[in-house]
Amino acid sequence: MKHEIRLSGLGGQGLVLAGRILGEAATIHENLYAVQKQSYGPEARGGASRSDVIIADAEVDFPYIDEADILLTMSQEAYAKYAGRVRPEGILIVDDLFVRAEPKKHPGRFFSLDFTRLARNRLNNDIVANIIALGAVAGLLGVVSRDSLLKVIEKRVPSRFIDVNTEALDLGFSLIGEDKG
């Protein structure tokens, strides 16, 4: 078993943190192997950002992703750069507020979800869009549980933000529960 996940968007969207949470949950709480790499532009916010996570049931020898099993794009730039780098049977997920996608060009499964709108309108906090997206990715991936992710979130997030992050994670999982087919 090996899953290659790419979380991509803009600096400031929290995708590097989401990748770290996913990798840590897989290794520490699910007894799997994981590697996480990140890449971002020189800008503090607004430049390109990417977090690649590989989760496997054996050691990961090559920590680079050529074609992702799951690609999350939260910016149009990330979509343009990486949408063609998803396995044919892979999953492409876009934040529909920021990405105008062409699902017919992707042969695998496609999800256009409201991560940022939901964070803004239901949780009154744009910052947790990454955690909503993480819940959706984990729900589709099916190898890292909500409880494992929550344990890492409780360790990584300041205590005053745990409740909103918990709500965000649950919201992300519920999006996939409603639309998994």
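- Taking the side chain as every heavy atom from C-beta outward, V86 and E67 never approach each other to under 4.5 Å.
- In this structure, K2 NZ and D57 CG are separated by 11.0 Å, a value rounded to the nearest 0.5 Å.
- The backbone N or O of I65 sits less than 3.5 Å from a side-chain atom of R6, completing a donor-acceptor pair.
- With hydrogens and angles disregarded, a donor-acceptor distance shorter than 3.5 Å links the side chain of Q13 to the backbone of L10.
- In this structure, the separation between OG on S145 and NZ on K151 is 7.0 Å, given to the nearest 0.5 Å.
- Among all heavy-atom pairs drawn from A119 and I132, the shortest one is N-CD1, 3.6 Å.
- Put simply, the side chain of L149 does not reach to within 4.5 Å of the side chain of D147, judged on heavy atoms.
- Judged by distance alone, the side chain of S148 and the main-chain N or O of V144 form no donor-acceptor pair under 3.5 Å.
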Exercise for the section: Starting from the C-alpha separation in whole Å, work towards a yes-or-no answer on side chain to side chain contact (heavy atoms under 4.5 Å, CB included) for F111 and L175. Expected result: CA-CA 10 Å; F111 295 86; L175 288 174; over 6 Å; no
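- Here the side chains of Y33 and T27 are not in contact, with every heavy-atom distance at 4.5 Å or above.
- Residues I21 and I153 form a side-chain contact, since some pair of their non-hydrogen atoms from C-beta on lies under 4.5 Å apart.
- Pairs engaging residues 48-97 under the ring-ring contact (aromatic ring centres under 6.0 Å, His included) rule: F62-Y64 [sequence neighbours left out].
- Atom CG of L169 sits about 7.0 Å away from atom CD1 of I131, to the nearest 0.5 Å.
- To the nearest 0.5 Å, atom CZ of residue R146 and atom CG of residue L134 are 12.0 Å apart.
- Here K155 pairs with E24 in a salt bridge; the nearest charged N to carboxylate O distance falls below 4.0 Å.
- With sequence neighbours excluded, the residues that form a side chain to side chain contact (heavy atoms under 4.5 Å, CB included) with R122 are L118, L171.
- The two atoms that bring G23 and A34 nearest to each other are O-CB, 3.8 Å, heavy atoms only.
- Two residues are said to be in side-chain contact when any heavy atoms from C-beta on lie closer than 4.5 Å; S8 and L72 fail this criterion.
- The shortest non-hydrogen separation linking A83 to L92 is CB-CD2, 4.4 Å.
- At a threshold of 4.5 Å between side-chain heavy atoms, the hydrophobic network of Ile, Leu, Val, Met, Phe, Trp and Tyr places L141 and M1 in one connected group.
- The list of side-chain hydrogen bond (donor to acceptor under 3.5 Å, both in side chains) pairs with a residue in residues 124-143, not counting sequence neighbours, reads R120-D126.
- Shortest non-hydrogen contact noted between F173 and A138 is CZ-CB, 3.7 Å.
- With a 4.5 Å cut-off on side-chain heavy atoms, V94 and L113 do not count as touching.
- At a threshold of 4.5 Å between side-chain heavy atoms, the hydrophobic network of Ile, Leu, Val, Met, Phe, Trp and Tyr places I5 and I54 in two separate groups.
- Residues N31 and I28 approach most closely at OD1-O, 4.2 Å, considering heavy atoms.
- Under a hydrophobic-cluster definition in which Ile, Leu, Val, Met, Phe, Trp and Tyr are linked whenever side-chain heavy atoms come within less than 4.5 Å, directly or via other members, V60 and I55 are assigned to different clusters.
- Residues satisfying the side-chain hydrogen bond (donor to acceptor under 3.5 Å, both in side chains) test with S51, not counting sequence neighbours, are Q36.
- In this structure, CD1 in I93 is found 10.0 Å from CZ in F110, a value given to the nearest 0.5 Å.
- The stretch residues 86-100 participates, sequence neighbours left out, in these side-chain hydrogen bond (donor to acceptor under 3.5 Å, both in side chains) pairs: D69-R87, D95-T116, D96-R117.
- Two residues are said to be in side-chain contact when any heavy atoms from C-beta on lie closer than 4.5 Å; V152 and H29 meet this criterion.
- Between R156 and L17, the closest heavy-atom pair is CB-CD1, 4.5 Å.
- In this structure, H3 contributes its side chain and V53 its backbone to no donor-acceptor pair below 3.5 Å.
- E167 meets the side chain to side chain contact (heavy atoms under 4.5 Å, CB included) test with L123; sequence neighbours excluded.
- Contact check for D52 versus Q38: no side-chain heavy atoms found under the 4.5 Å cut-off.
- Under the 4.5 Å side-chain heavy-atom criterion for ILVMFWY residues, no single connected hydrophobic cluster contains both V35 and L22.
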Problem - side chain to side chain contact (heavy atoms under 4.5 Å, CB included) assessment of R50 paired with T73 - result: CA-CA 9 Å; R50 181 182 87 216; T73 61; over 6 Å; no
